[in-house]
Amino acid sequence: MSAASTIRLVAGREVRERGRSKAFWIGTCALLFGVIAVIVVPAKLGQHGQRTFQVGTVGAVPRGLASSVVADAAALSGRAHIRAIGSGKQARAALDARILDLVIDGQAGVLVRGEDSDQSVTDLASLVARDLVVQARLRAAGLPAERIPGLVSTVPAPVRTLIPVNPDNTARRAIVALGTVVLYLSLTAYGGWVTAGVLEEKSSRVVEVILAAVRPPVLLAGKVIGIGLLGLGQFAVVALTGTIATISVGRHLPSSTPEAISVIVLWFLLGYAFYCSAFAAAGAASSRQEEAPTVAGPLTVLILLGYLVSLSVQSNPDGVLARITPFIPPLAPLVMPARMLLGHTQPWELPASVAVMIVATYGLIRLAGRAYSGNILRFGGRVSLREALRP
């Protein structure tokens with residue numbers, strides 16, 4: 001049997017065995033639920049919509065006050081709902097019960113709850129308090145009352161930006177952040193699967209039978225590819241679910257979304273091949289299941305380090321760290337997608353980074369194969385591979 005056929009057979013076994021496990025389905029459901037919650041819950045709570053400030057006034061709403069409060073709320077990218085409250089005591093009770101965000105008292109000024117108030121409420125209270133003082137001074141100066149509202153409730157002057165604002169930037173950054181989290185979780189989980197699979201077979205001595213028919217590098221390649229295909233399928237389901245959830249809540253998807261998903265998938269494959277080869281080598285160098293957390297620990301820390309560096313790159317995609325780390329194999333899978341999707345890569349950086357990853361992965365696969373064959377006793381005659389891999 002050719003090496004390609006052997007790899008295909010081993011990969012198929014991994015897909016069947018892992019795909020039938022309860023842990024895989026529970027993990028997939030938890031991941032889907034988490035993605036949906038991250039997208040849908042903030043939208044339903046109105047965190048991405050226009051903020052409505054609940055404003056109360058003691059007694060009737062003073063003439064001209066409503067228009068100035070509405071203008072102040074609009075300056076904070078929100079809107080104001082104003083209503084009159086019978087007395088100061090009732091207004092304070094509504095404020096304590098969080099029915100109102102702030103209360104306007106003609107004599108006491110503006111009241112807010114205190115330290116637990118949102119920053120936007122505090123900002124609105126400051127603007128309204130300023131307007132009350134301005135109105136009082138205009139009245140004291142003898143300005144006709146009908147002219148005061150027009151002077152106070154003016155529309156803010158336009159704010160111009162030195163660098164043109166791209167409306168897709170916010171959505172792209174959200175995709176980068178979510179994609180980085182999914183990459184981190186995927187690499188950690190699938191690397192653990194590879195280590196556990198290697199140690200399971202070694203502890204049960206099944207691998208001695210299999211290696212009588214399969215060369216170690218071929219067996220490892222089949223295991224890595226099989227788990228990778230299962231992971232890629234899970235990754236695709238998560239991406240599709242996230243896209244559907246985003247569209248269902250009316251969020252904006254940039255035109256570059258397919259490109260962003262392609263970039264993340266590319267670096268998932270490169271990162272998976274690199275790290276799972278390393279996890280396989282770590283598992284091959286061990287002999288018991290109890291050693292799995294110990295041997296996988298340093299690799300998990302490397303993935304975490306890549307995630308932390310990626311966060312730094314997202315904040316400063318043109319910094320020195322962002323320019324160096326795409327060419328460090330353990331960090332590149334989590335750093336390069338952020339740099340690419342934010343549009344800060346040079347044309348030569350992608351092929352150079354991919355080439356470095358491929359060379360490093362090839363070296364790890366050879367190392368894993370040697371560790372696999374060097375740490376396992378091979379005995380017994382050759383057997384049929386289909387019989388050895390039969391569930």
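Because the structure is predicted, anything quoted here is derived from the model rather than measured. The figures that follow rest on heavy atoms only: side chains count, while hydrogens, waters and symmetry mates do not.
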Practice item. Test side chain to side chain contact (heavy atoms under 4.5 Å, CB included) on Val309 and Val313 and set out the steps. Key: CA-CA 6 Å; Val309 173; Val313 170; 4.3 Å; yes

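- At least one donor-acceptor pair under 3.5 Å links the side chain of Thr188 to the backbone N or O of Tyr184.
- Each ring-ring contact (aromatic ring centres under 6.0 Å, His included) pair with one or both residues in residues 349-371, not counting sequence neighbours, would appear here, but there are none.
- Connection of Leu230 to Val237 is established within a shared hydrophobic cluster, with ILVMFWY side chains joined at heavy-atom distances below 4.5 Å, either directly or through further cluster members.
- Between atom CG of residue Leu187 and atom CG of residue Leu185 there is a gap of 9.5 Å, rounded to the nearest 0.5 Å.
- Note that CG of Asn316 is 13.0 Å distant from CG of Leu311, once rounded to the nearest 0.5 Å.
- Atoms OG1 and CD1, from Thr180 and Ile264 in turn, are 7.0 Å apart once rounded to the nearest 0.5 Å.
- Residues meeting the side-chain contact (heavy atoms from CB on, under 4.5 Å) test with Val354, sequence neighbours left out: Trp267, Leu270, Leu350, Ile358.
- No donor-acceptor distance shorter than 3.5 angstrom exists from the side chain of Thr361 to the backbone of Ala273, with no hydrogens or angles considered.
- Judged by distance alone, the side chain of Arg323 and the main-chain N or O of Asp318 form a donor-acceptor pair under 3.5 Å.
- A donor-acceptor pair is defined here as one N or O able to donate and one able to accept, closer than 3.5 Å; such a pair exists between the side chain of Tyr275 and the backbone of Pro330.
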Practice item. For the pair Arg339 and Thr345, evaluate side-chain hydrogen bond (donor to acceptor under 3.5 Å, both in side chains) and give the outcome as yes or no after the intermediate values. Key: CA-CA 6 Å; Arg339 187 163 162 78; Thr345 53; over 6 Å; no

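- Of the inter-residue distances, the one linking Ile104 atom CD1 with Ile85 atom CD1 reads 11.0 Å to the nearest 0.5 angstrom.
- Note that OG1 of Thr300 and CG of Leu304 are 9.0 Å apart. Values are rounded to the nearest 0.5 Å.
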**Study point:** Pair Leu331-Met336, side chain to side chain contact (heavy atoms under 4.5 Å, CB included): steps then yes or no
**Key:** CA-CA 8 Å; Leu331 306 180; Met336 197 59 175; over 6 Å; no

Check your understanding: Where do Leu124 and Val128 land on the side chain to side chain contact (heavy atoms under 4.5 Å, CB included) test, with the steps shown first?
Key -> CA-CA 6 Å; Leu124 179 61; Val128 173; 4.0 Å; yes

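- Residues Val320 and Ile324 have side chains in contact (heavy-atom distance under 4.5 Å, counting atoms from C-beta outward).
- Taking the six-membered ring for Trp and thresholds of 30 and 60 degrees, Tyr190 and Phe268 have ring planes more than 60 degrees apart, a perpendicular arrangement.
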Review point. Taking it one step at a time, do Leu95 and Leu111 satisfy side chain to side chain contact (heavy atoms under 4.5 Å, CB included)?
Key: CA-CA 8 Å; Leu95 196 62; Leu111 302 176; 4.1 Å; yes

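- In this structure, the side chain of Asp101 engages the main chain of Gln54 through a donor-acceptor pair within 3.5 Å.
- Atoms CD1 and CG, from Ile82 and Leu100 in turn, are 11.5 Å apart once rounded to the nearest 0.5 Å.
- With contacts defined as side-chain heavy-atom distances shorter than 4.5 Å, the pair Arg83/Ile99 qualifies.
- Counting only distance, with no hydrogens or angles, the side chain of Ser310 and the backbone of Gly306 share no donor-acceptor pair below 3.5 Å.
- Ser312 places no side-chain N or O within 3.5 Å of a backbone atom of Leu308 that could act as its donor or acceptor partner.
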